[in-house]
Amino acid sequence: MTEDNLNISYITNILGENDAEGIHSVTPPIYQTSNYYFRNVEQFREAISSEKDNWIYSRGNNPTTNLLCRKLAALEGAEEALVFGSGMAAISSAILSNIKTGDHIVCVQNPYSWTNTLLNTNILPRFGVQVTMVDGCSTQAIIDAVRPETTVIYLESPNSWTFELQDLKAVSEFARAKGIITILDNSLSTPLFQQPIKHGIDLVVHTASKYLGGHSDVVAGACCGSKEMIGKIFANEFLTLGGILSPFNAWLILRGLRTLPVRMEHVSRVTHEIISFLQTQPKVKKIFYPMLRNNEQFSLAQSQMSKGSGLFTIDLDSTTDAIEDFCNSLTYWRMAVSWGGFESLIIPSCTFVRPGLYSSFPPTLIRFSTGLEDAETLILDIEKNIHRL
Ligand SMILES: *Cc1c(COP(=O)(O)O)cnc(C)c1O
């Protein structure tokens, strides 16, 4: 059953939260259990025949994590979803589920750094899976990279540093005709600002550690898609590799989802205000953000996303020393990896010393993640320190 016609508040506040015990608690219980018992051998035997449809062990089903799966599937307009112990567990499982030795993957350039590591450095190369990285702004470049043995096209639209987009309809139409699976990392937009399945994408993956959780207190991931594809992942990678989410962490994401609509509205609006300020600053050479009128992909962004979220990057006309001084001086914009939490964060690209980590980027970039502070506070913090650049 697809629950994509439900409204967002219904999904985040009510869907699936039926009160079986008659206690009328407004939040769901946390089923902190690893195990479920049976009353007789016959029931036990019958349950064992299908892990997916029964309460057997919490590496498979758990009522708290399943409730989160149901809400995420509804938000993405997908038939089903699975949640994982991290975004990378979700991404790895979605990819592994659709490849074998000798297969080929086409992936967009500059995906999330650990996705790049999975594909190109320490896992898939060991199993004889080939990967071609392409400029996904060009659908033709994706088409040209496809070989007879291509089984997966991996997309990130927009990506989380320079925000390149892919034409989701065009790419998925091409892939479908060839029997190639499309997987898209939708972490940046969240299902509130972009629903890739509506554009024909097969599997949508997420880190729930960022906006979905929203409070920088849990690492989690999700994968959404058809009943058939999610069933295949459940039966294989999910149960066997075992990268599950704990019931308590699932509950934290359920709590995070309740405020997702207000948080996303806030970061989107405040980010536009911050960008308007930065556009007046002579040291800012370029601003990377999908929803900017002068962005080459602006019309594509408008056609497949409803809004821009809270991440943007600036390229500075400045020295590395001055950029370090600027970053060290900010109060509200703290320096850290990750993004999408309540706190505003920056990463200067001059910290990228791990080999292969976005190696094509100049050292003059700073990526910003707008948190839940008000626009005035965040702009003032930048304004007070921008003379250092
Ligand atoms: C952080 C991130 C991931 C990985 O998620 P984890 O929960 O940290 O494993 C995947 N994709 C994007 C775009 C990310 O920013």
Side-chain angles (χ1 to χ4, degrees), residues 65 68 72 76 81-96 107-123 133 136 154-166 168 183-194 196 201 203-224 237-238 241-246 249-250 252-253 256-257 264 267 288-290 305 308-313 336-341 343-347 349 351-352 354 356-358 361 365 367-371:
T65 55
L68 176 59
L72 290 175
E76 281 291 359
L82 281 174
V83 291
F84 293 82
S86 71
M88 279 317 300
I91 291 167
S92 307
S93 297
I95 293 175
L96 288 174
C107 177
V108 292
Q109 278 162 7
N110 296 319
Y112 176 64
S113 60
W114 291 101
T115 303
N116 193 35
T117 304
L118 167 78
L119 296 176
N120 292 304
T121 314
N122 63 12
I123 310 278
M133 307 298 282
Y154 188 88
L155 309 169
E156 225 182 84
S157 184
N159 72 19
S160 60
W161 262 90
T162 42
F163 312 102
E164 288 91 9
L165 273 68
Q166 296 93 56
L168 305 190
I183 305 175
L184 184 139
D185 184 332
N186 196 31
S187 304
L188 194 84
S189 297
T190 83
L192 267 49
F193 291 172
Q194 175 171 270
I201 297 296
L203 286 172
V204 173
V205 286
H206 277 281
T207 168
S209 325
K210 316 289 169 60
Y211 286 134
L212 299 181
H215 294 76
S216 303
D217 51 12
V218 53
V219 174
C223 178
C224 310
E237 290 72 22
F238 188 77
L241 301 180
I244 64 155
L245 188 65
S246 72
N249 281 351
L252 285 175
I253 306 285
L257 287 183
M264 293 309 291
V267 297
F288 298 84
Y289 190 67
M305 295 162 62
S309 58
L311 245 63
F312 63 94
T313 299
V337 299
S338 196
W339 49 271
E343 77 284 28
S344 292
L345 297 175
I346 52 165
I347 308 183
S349 63
T351 57
F352 289 166
R354 179 157 63 80
L357 189 62
Y358 304 115
F361 291 176
L365 304 181
R367 204 246 342 247
F368 291 71
S369 170
T370 304

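Both counts, for ligands and for their atoms, begin at 1 and track the order of listing. Worth saying up front: this structure is predicted, and the values here are computed from it rather than measured.
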Practice prompt. Take Asn110 and Trp161 through the test side chain to side chain contact (heavy atoms under 4.5 Å, CB included) and record every step on the way to the result.
Written response: CA-CA 8 Å; Asn110 296 319; Trp161 262 90; over 6 Å; no

Worksheet item: Can you say whether the rings of Phe352 and Phe361 are parallel (under 30°), tilted (30 to 60°) or perpendicular (over 60°)?
Response: tilted

Worksheet entry | Proximal atoms of ligand 1 relative to Ser209 (non-hydrogen, under 4.0 Å) | 6 (P), 7 (O)

Discussion item. Which residue and atom name correspond to the protein heavy atom nearest atom 8 (O) of ligand 1, and how close is it?
Written reply: Tyr112 OH, 4.0 Å

Discussion item. Show the atoms of ligand 1 that are less than 4.0 angstrom away from any heavy atom in Ala220.
Written reply: 7 (O)

Worksheet item: Is the closest heavy atom of Trp339 to ligand 1 under 4.0 Å?
Response: yes

Practice prompt. Output all residues satisfying ring-ring contact (aromatic ring centres under 6.0 Å, His included) with Tyr289, sequence neighbours left out; order by chain, then residue number.
Written response: His272

Discussion item. Would Ala208 count as being in polar contact with ligand 1, using the rule that some N or O on each side must be under 3.5 angstrom apart?
Written reply: no

Considering only distance and modelled atom types, tabulate donor-acceptor pairs under 3.5 Å from the side chains of residues 212-224, sequence neighbours left out.
residue : atom : partner : partner atom : Å
His215  : ND1  : Gly213  : O            : 3.0
Ser216  : OG   : Glu343  : OE1          : 2.9
Ser216  : OG   : Glu343  : OE2          : 2.9

Worksheet item: What is the closest protein heavy atom to atom 2 (C) of ligand 1, and at what distance does it sit?
Response: Lys210 NZ, 2.5 Å

Worksheet item: Of the protein's non-hydrogen atoms, which lies at the shortest distance from atom 6 (P) of ligand 1, and what is that distance?
Response: Gly87 N, 3.3 Å

Worksheet item: Which one of Thr207, Ile91, Asp185 has a non-hydrogen atom at the shortest distance from atom 11 (N) of ligand 1?
Response: Asp185

Worksheet entry | Pair Phe312 + Phe163: ring centers closer than 6.0 Å | no

Practice prompt. Determine yes or no for a side-chain-to-main-chain donor-acceptor pair under 3.5 angstrom, with Thr190 supplying the side chain and Leu192 the backbone.
Written response: yes

